[in-house]
Amino acid sequence: MNTTQTPATGSPAATLQDIIAHAKEYGFVFPSSEIYDGLQAVYDYGQNGVELKNNLKTLWWKAMTQLHDNRDGGPVVGIDASIFMHPLTWKASGHVDSFNDPMIDNRDSKKRYRADQLLELKAEAYANAGDEAKSTALLQEMGRLLGDNDLEGVRNLIIAEGIKDPVSGTDNWTEVRQFNLMFSTQVGSLAEDASLIYLRPETAQGIFVNFLNVQKTGRMKIPFGIAQIGKAFRNEIVARQFTFRMREFEQMEMQFFVRPGTEMKWYETWRDTRMKFHQAIGLPAEKLKFHIHEKLAHYANAAVDIEYKFPFGFREMEGIHSRTDFDLKAHQELSRKKQQYFDNDIDPATGKPFGNYVPYVVETSVGADRLFLAVFCNAFTKEVVGEGDQQKERTYLKLHPALAPIKAAIFPLVRKDGLPEKAEEIMKSLRFEFRVIMEERDAIGKRYTRQDLIGTPFCIAVDYQTLEDDTVTVRYRDTTEQIRIPISELKAHIGQEVSMERLLEKM
RNA sequence: GCGGAAGUAGCUCAAUUGGUAGAGCGAUAGCCUUCCAAGCUAUAGGUUGCGGGUUCGAGACCCGUCUUCCGCUCCA
């Protein structure tokens with residue numbers, strides 16, 4: 001896997017290591033707090049990475065909100081909910097109860113067990129042997145220890161009870177660990193008054209708890225959607241593969257509220273809409289596929305992933321879930337606030353309005369960091385160019401111009417005779433429209449290459465002819481070919497290609 | 001979590017048996033220059049991931065630790 005192969009295209013295959021090295025070397029992704037040896041599974045975006053990521057987020061936002069209005073099946077509006085939420089939120093969502101298990105490993109068998117289940121089995125054995133008192137006492141002791149979060153006590157109890165691993169037959173246990181999905185912190189400036197809250201493990205709940213706020217204040221009619229981009233936090237058991245699985249990550253989620261019974265139609269619609277998005281931004285169809293979930297989460301009645309072929313294989317990039325009315329119903333029960341919608345549309349079956357109901361929800365959830373990684377991997381290109389002795393390797397980022405961090409670089413051919421001044425004039429006229437930079441140092445070939453490495457789609461060269469007739473050459477990144485056009489046409493010419501509109505039109 | 005590999009300048013990598021840490025590229029400043037990383041000059045940049053040990057002496061050997069990659073495992 002880590003050997004460099006030469007596929008039929010003549011380009012050496014890019015490995016994840018090449019991509020990680022490139023991402024760091026050219027200011028896209030840095031390991032977090034690297035000067036302190038980094039922090040596992042946490043990364044920072046650099047000066048170019050943040051531009052690319054922002055472009056992806058903007059594009060998603062526009063694709064969701066601008067392209068879906070009330071004339072188009074169902075509008076989508078956005079919100080920005082806070083990361084802190086009332087602790088009961090996570091009780092309602094199921095995150096507190098489902099992901100708080102005390103785990104213990106046996107060092108000899110390498111098997112992992114739930115510590116509470118081991119003790120329950122032992123208690124059951126006592127009960128079966130007729131010693132009800134001992135069984136009850138054990139369960140009570142376990143309950144007390146778990147209640148106090150005394151994990152060492154739980155381990156001691158397991159050993160004291162002589163519980164052995166059924167596989168290895170030994171009691172060579174590791175310490176008991178709580179595999180908390182969620183990060184917790186305290187709210188309250190005084191320690192004794194502080195209460196425990198969580199950093200959200202998904203952005204979806206911020207949408208659910210605001211469902212009625214948006215519906216009422218926006219006079220929204222079902223079906224409609226609420227979109228949100230925001231950070232979420234999860235303690236991953238195994239954090240691996242660069243930015244693919246991070247502890248702090250950014251989600252781009254949209255919850256689409258529908259009339260019960262219509263959810264499968266909308267599920268299919270959104271599944272196809274989202275696939276089109278990924279293809280429109282330049283991810284090739286052969287590197288994308290659907291993966292249907294066989295095992296469904298506690299809240300879903302249908303689920304499919306859109307997977308991208310990363311250098312380490314096909315992996316989930318986006319999930320489309322039919323979440324039923326699970327979340328709104330759970331919030332309704334726990335908060336005792338109705339999460340219902342009165343549907344005035346006439347039901348053709350009865351001739352009466354559909355009436356009150358808790359809406360069903362179709363969710364699309366894509367990881368901004370995973371989308372970034374997919375786009376970055378796909379753009380990373382190594383090509384052998386030239387012939388014979390002139391042959392050399394060329395590396396560049398084949399990013400769609402609308403996604404590139406910098407849209408155009410302006411180079412005076414030489415640093416004299418007024419060319420730098422002319423170049424600066426052009427730069428200043430273009431920078432109101434898009435991100436441009438000017439470079440005058442070093443040989444022009446080197447300047448072209450530097451821009452190739454960060455994916456700048458256009459390089460504008462100012463030469464002596466420019467001084468005579470106000471034309472410049474525009475060099476295309478992917479082909480290195482050049483055309484000569486008047487300065488007055490630059491804005492329109494480049495603007496056309498770097499515009500997000502061209503991408504949105506394809507969706 | 002288990003097993004394997006690695007960590008030396010911004011990057012890629014050297015450094016014989018344990019004996020003064022180097023090169024290329026890149027970067028920066030200046031000069032030169034009419035188009036694809038290739039001219040000239042100068043400069044900066046390293047307690048060899050971190051901590052301990054062995055030794056007269058450790059980049060190298062030993063222990064621990066952190067980080068990364070690969071394979072398995074896990075992932076509502």
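In this text, all values refer to a predicted model and were calculated from it rather than measured experimentally.
Annotation: of the two residues near RNA chain B, A:F242 and A:Y448, the 5′-most nearest-nucleotide partner is A:Y448. Of the two residues contacting RNA chain B, namely A:E202 and A:E439, the nearest-nucleotide position lying further toward the 5' end is that of A:E439.
Listed in residue order, the members of residues 454-476 of chain A having a heavy atom less than 4.0 Å from RNA chain B are A:A461, A:D463, A:Y464, A:T473, A:R475.
Among the heavy atoms of the strands lying under 4.0 Å from A:Q482 is at least one base atom, whether or not backbone atoms are also near. Using a 4.0 Å heavy-atom cutoff across all strands shown, A:R441 reaches at least one base atom of the nucleic acid.
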Give me, pair by pair, the N or O atoms of the protein and of nucleotides 24-27 of chain B that are less than 3.5 Å apart, along with how far apart they are.
| unit_1 | atom_1 | unit_2 | atom_2 | d |
| --- | --- | --- | --- | --- |
| B:G26 | OP1 | A:K446 | NZ | 3.3 |
| B:A27 | OP1 | A:R450 | NH1 | 2.2 |

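Distance noted for atom C1' between B:A27 and B:G10: 8 Å (whole Å). With both ends at atom C1', the span from B:C36 to B:U73 equals 49 Å, rounded to whole Å. B:C25 and B:C35 are spaced 22 Å apart, taking the P atom of each and rounding to whole Å. Distance check on atom C1': B:G7 versus B:A14 gives 16 Å, rounded to whole Å. B:A5 and B:G64: their P atoms are spaced 14 Å apart (whole Å).
Scored by the salt bridge (Lys or Arg N to Asp or Glu O under 4.0 Å) test, A:K24 finds A:E34 as partners (sequence neighbours excluded). For A:T473, the side chain to side chain donor-acceptor pair (under 3.5 Å) test picks out A:Q482, with sequence neighbours left out. For A:R323, the side chain to side chain donor-acceptor pair (under 3.5 Å) test picks out A:E202, A:D327, A:E363, with sequence neighbours left out. Considering only residues two or more places apart in sequence or on other chains, A:S322 meets the side-chain contact (heavy atoms from CB on, under 4.5 Å) condition with A:E263, A:Y267, A:N301, A:A302. In this structure A:K91 satisfies the salt bridge (Lys or Arg N to Asp or Glu O under 4.0 Å) test together with A:D97, sequence neighbours excluded. Every residue meeting the side chain to side chain donor-acceptor pair (under 3.5 Å) condition with A:D417, not counting sequence neighbours, appears here in chain and number order: A:Y464. By the side chain to side chain donor-acceptor pair (under 3.5 Å) test, A:K428 is found to be paired with A:E424, residues two or more places apart in sequence or in another chain being considered.
Within the structure, the side-chain hydrogen bond (donor to acceptor under 3.5 Å, both in side chains) test picks out the following pairs touching residues 395-410 of chain A (sequence neighbours left out): A:E383-A:Y396. Screening residues 365-376 of chain A for side-chain hydrogen bond (donor to acceptor under 3.5 Å, both in side chains) gives A:Y45-A:D369, A:K53-A:D369, A:E253-A:S365 as the qualifying pairs, with residues at least two apart or on separate chains.
Side-chain N/O atoms of A:Q205 and A:H95 include no donor and acceptor closer than 3.5 Å.
OP1 or OP2 of B:U33 has at least one side-chain nitrogen or oxygen of A:K416 nearer than 4.0 Å.
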**Message:** Output the pairing pattern of RNA chain B as a dot-bracket string, 5' first, Watson-Crick or G-U wobble with both distances under 3.5 Å, | for cross-strand pairs, [ ] for crossing pairs.
**Reply:** (((((((..((((.....[..)))).(((((.......))))).....(((((..]....))))))))))))....
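You'll find the side chain of A:Y476 reaches within 4.5 Å of the side chain of A:F458, heavy atoms only.
With distances taken from any side-chain atom of A:I20 to the nucleotides B:C69, B:U33, B:A37, the minimum falls on B:C69.
When the C1' atom of B:A37 is taken as reference, atom CZ of A:F411 falls 12 Å away, rounded to whole Å.
Taking CZ of A:F211 as the reference point, atom CG of A:L328 lies at 6.0 Å (rounded to 0.5 Å).
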